[in-house]
Amino acid sequence: MQDILAFRRVEEIEEAAMPTITIRIDDEMRDRLMEAAEERGVSASTFVRNSVEEHFRLEDGERLEERPSGDLDLSPVERQTLVLLHRAILAAKGDLAEEYYDAESEMRSIRVLENGFTSEYAGQEFAGIYDPMPKTEGELVWDILDMFRVIKFSVKELGANGWEQLGLKNAEWYGAFQGFDLNDEREARMLTYTTHLVESGRWEEQKEFMTGWTSDRGNSHMAMLGTYRDMLRTFKPLWKKTVRGFGRHLSAEDVRKVLIAGGAKEVMDD
């Protein structure tokens, strides 16, 4: 009994040092909450906090590949400075590719900077520095790649004839990542980022597709983003429900729903 009281005292001290929020619940919910907390031998506050922490743990579990955390914004000058520093490291080791070194261009840059030709700064000093990719755009690429990973391994779990079990025309095509359209500025940027991710060792199941000549290195030659968004709107709630039920794969019916959202048609009996 003394151990329990000591534990409760430590718990109260820890809670007192934490920020607080106030929520309003009805009498029935309060009673259920108090009962559940009592069964677990913790305070109502600790029970609620643990439940919230568990919720966010499950949210994180919906993501299949490690994702960078935190926000960092760099100006064009800062980005160019870091690029030059990395090039200097490569050059010092003899590993700088020829495409990154042009003696005439370097001399022109020196003249522009020494003379302060401000009208030349953008074209000369920042020719290879593109507009930053919005974080939301990068996260969308992650979500798309995660979705196709889930589809791939969920169908694999169904067995050798997994695609056939879905009863959809060209199911395997609709269930595979088709890249992005290089003729669209936004999709081209997303394709470049996808290539970077795969070359960095993430979503490696896409490596053959993204590096193969038969797939034109991920160039879909038609707009795909709208289709992916339609699929994600169906996929996300299904995957969330699966993860919260401690599942690792979508059911055949759930995969069907996602592919149909992407335009797949059912096989009609003759």
Side-chain angles (χ1 to χ4, degrees), residues 62-67 133 136-243 245 247-270:
E62 293 165 23
R63 302 189 176 105
L64 305 180
E65 190 71 59
E66 183 177 353
R67 301 184 177 190
M133 182 180 192
T136 53
E137 208 167 275
E139 290 174 342
L140 178 56
V141 172
W142 302 341
D143 288 344
I144 291 168
L145 294 175
D146 267 355
M147 175 177 67
F148 282 107
R149 172 177 286 181
V150 171
I151 292 172
K152 175 184 175 71
F153 290 107
S154 294
V155 173
K156 185 177 181 181
E157 187 72 8
L158 296 176
N161 64 337
W163 293 111
E164 296 177 11
Q165 291 183 43
L166 301 180
L168 299 173
K169 295 180 181 178
N170 302 317
E172 189 168 0
W173 187 92
Y174 283 100
F177 177 59
Q178 298 300 325
F180 293 103
D181 186 7
L182 276 178
N183 290 319
D184 179 270
E185 182 179 354
R186 187 183 188 195
E187 289 202 23
R189 184 167 58 233
M190 296 174 88
L191 179 60
T192 301
Y193 183 50
T194 302
T195 300
H196 163 74
L197 291 172
V198 173
E199 290 180 348
S200 300
R202 288 169 281 180
W203 290 282
E204 289 190 319
E205 68 273 11
Q206 301 294 346
K207 186 173 183 179
E208 183 177 352
F209 175 77
M210 291 298 299
T211 58
W213 289 108
T214 55
S215 60
D216 205 1
R217 296 180 178 270
N219 183 5
S220 61
H221 297 283
M222 60 180 179
M224 294 300 303
L225 189 54
T227 297
Y228 295 153
R229 284 186 180 278
D230 289 341
M231 295 174 73
L232 280 170
R233 276 191 285 271
T234 299
F235 168 78
K236 283 190 171 184
L238 294 173
W239 181 236
K240 180 176 292 187
K241 181 179 179 182
T242 299
V243 171
R248 298 175 58 190
H249 303 95
L250 293 178
S251 66
E253 182 57 30
D254 284 349
V255 174
R256 272 174 52 85
K257 291 176 181 178
V258 177
L259 270 55
I260 289 174
K265 305 297 182 184
E266 294 189 43
V267 175
M268 303 301 293
D269 295 330
D270 295 332

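Keep in mind that this is a model prediction, so the values were computed, not measured. Because only heavy atoms are used, hydrogens play no part in the values below, and waters and symmetry mates are left out as well, while side chains stay in.
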May I ask you to decide if [Y]'s main-chain N or O and [X]'s side chain share a donor-acceptor pair within less than 3.5 Å?
X      : Y      : answer
Thr234 : Ala261 : no
Glu187 : Ala223 : no
Ser220 : Phe180 : yes

Assess the side chains of [X] and [Y]: does a donor N or O sit below 3.5 Å from an acceptor N or O?
X      : Y      : result
Trp163 : Tyr174 : no
Asp216 : His221 : yes
Asp146 : Trp203 : yes

Considering only NZ, NE, NH1 and NH2 on the basic side and carboxylate oxygens on the acidic side, decide whether [X] and [Y] come within less than 4.0 Å.
X      : Y      : answer
Glu266 : Arg256 : yes
Lys152 : Glu205 : no
Asp143 : Lys236 : yes

Enter the distance from Met231:CE to Thr227:OG1 here, rounded to the nearest 0.5 Å.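 It comes to 8.0 Å.
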Consider side chain to side chain contact (heavy atoms under 4.5 Å, CB included). Of Thr194, Leu145, Leu197, which one does Arg202 pass it with?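 In the set Thr194, Leu145, Leu197, the residue that makes a side chain to side chain contact (heavy atoms under 4.5 Å, CB included) with Arg202 is Leu197.
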Parallel, tilted or perpendicular, as decided by the 30° and 60° cut-offs, for the rings of Phe177 and Phe209: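 Phe209 vs Phe177 ring planes: perpendicular.
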Closest heavy-atom contact between Leu250 and Asp254?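 Smallest interatomic distance, heavy atoms only, reads CB-CB, 4.0 Å.
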Check: Leu238 and Phe235 side chains under 4.5 Å, non-hydrogen atoms: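 Sidechains of Leu238 and Phe235: no contact.
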